[in-house]
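Have a look at the structure below, then the notes.
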Amino acid sequence: MPELEVQPTGLLYEGKAKSVYTTADQNELLVVYRDDMTAFNGGKHDIIANKGHLNARACKLFMTMLEEAGVATHFIRMVSETSMLVRKLHMIPLEIIVRNIAAGSLIVRYPFVEGQPLEPPTVTFDYKSDERGDPMIIPEFILALGIATAEELTLMRKTALQINTILKAFFDQSGIMLVDFKLEFGRSNGAIYLGDEISMDSMRLWDKETHESFDKDVYRLGKGDVIHAYTTLLDRILPLERRSS
Ligand code: 5GP
């Protein structure tokens with residue numbers, strides 16, 4: 001790891017693409033974006049140079065944009081090109097999936113046609129469990145399992161739709177469709193914050209005209225050079241960064 005201005009004091013958690021370190025401040029963690037790329041629950045794995053940097057850069061942009069719009073996120077600041085200081089959260093083991101257009105697991109599991117608009121957008125929950133394959137979970141099961149309260153579910157759903165409105169409008173300016181994305185939330189001092197990441201690894205983004213993908217599907221489905229796709233996306237959206245802030 002390069003010399004950082006915030007020193008990690010211990011490895012807390014090694015995820016598939018990020019490592020999370022404790023710091024001298026017990027309320028703050030250091031998240032390092034690695035160059036590991038995985039798909040199909042770790043079934044496909046590669047090290048792809050520069051991927052960590054590109055996703056960290058994108059995540060910083062989205063988290064900052066959302067904070068400015070009033071969404072509480074864990075993001076504090078960048079520490080290096082691949083690492084960020086974040087608020088320590090107690091993560092809720094749910095993936096909140098927002099969809100504007102049918103794609104991915106939706107068209108495998110249900111008779112939607114790829115590219116079919118979903119109006120209004122849908123919000124669903126997946127239970128985070130590698131051994132169970134992250135199954136979709138209904139709110140009643142979430143409550144019965146004590147994973148989150150009814151109030152927390154309402155807040156996460158409302159915040160997810162607010163994030164969708166903000167990001168959809170942002171991408172629209174550069175001719176990109178926000179197809180779907182995944183969010184994770186956590187608790188700190190009784191409040192709910194957006195945690196984990198928002199990046200090309202956790203979204204589907206298509207060119208409005210050609211439907212070319214600029215997201216992890218390029219890797220998942222072997223559709224070409226994923227670094228080229230991520231770089232092309234950033235080249236298209238980063239010029240809008242200053243205007244959005
Ligand atoms: P799907 O359910 O179609 O596989 O995924 C829906 C959206 O959520 C996609 O944008 C996908 O990238 C994201 N997503 C779903 N599960 C995960 C996950 O475990 N990790 C990440 N990074 N994104 C996910």
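Hydrogens, waters and symmetry mates are skipped; everything else that's a heavy atom, side chains included, is used. Whatever order the structure lists them in is the order used to number ligands and atoms, beginning at 1. Note that the coordinates shown come from a computational prediction; the quantities given were computed from them, not determined experimentally.
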Ion pair Glu5/Arg77, N-O distance below 4.0 Å = yes
Connected-component partners of Leu221 among ILVMFWY, side-chain separation under 4.5 Å | none
Could you name each residue pair satisfying salt bridge (Lys or Arg N to Asp or Glu O under 4.0 Å) that touches residues 80-106, not counting sequence neighbours?
-> Glu95-Lys128, Arg99-Asp180
Provide the number and element of each atom of ligand 1 under 4.0 Å from a heavy atom of Arg99.
-> 1 (P), 2 (O), 3 (O), 6 (C)
Minimum non-hydrogen distance to atom 1 (P) of ligand 1, winning option of Ala39, Gly15, Ser105 | Ser105
Could you list which atoms of ligand 1 come closer than 4.0 Å to a heavy atom of Met203?
-> 10 (O), 12 (O)
Salt bridge between Asp201 and Lys182, side-chain N to carboxylate O under 4.0 Å?
-> no
For atom 10 (O) of ligand 1, which of Asp134, Ile198, Asp180, Asp217 has the closest heavy atom?
-> Asp180
So the atoms of ligand 1 within less than 4.0 Å of a heavy atom of Gly104 turn out to be 3 (O)
Within a strict 4.5 Å, meaning less than it, do heavy atoms of the Val71 and Phe62 side chains meet?
-> no
Give the residue and atom name of whichever protein heavy atom lies nearest to atom 6 (C) of ligand 1, and the separation in Å to one decimal.
-> Arg204 NH1, 3.6 Å
Salt bridge between Lys208 and Asp172, side-chain N to carboxylate O under 4.0 Å?
-> yes
Applying salt bridge (charged side-chain N to carboxylate O under 4.0 Å, His left out), run through Asp36 and Lys18 and close with a yes or a no.
-> CA-CA 8 Å; Asp36 294 74; Lys18 300 190 293 300; over 6 Å; no
Heavy atom of the protein closest to atom 14 (N) of ligand 1 (residue, atom name, distance) | Lys182 CB, 3.6 Å
Ligand 1 to Asp201, heavy atom cutoff 4.0 Å, flagged ligand atoms 12 (O), 21 (C), 22 (N), 23 (N)
Heavy-atom proximity to atom 19 (O) of ligand 1, picking from Arg220, Glu95, Lys16, points to Glu95
Quick one: which ligand 1 atoms are inside 4.0 Å of a heavy atom on Ile97?
-> 6 (C), 8 (O), 15 (C)
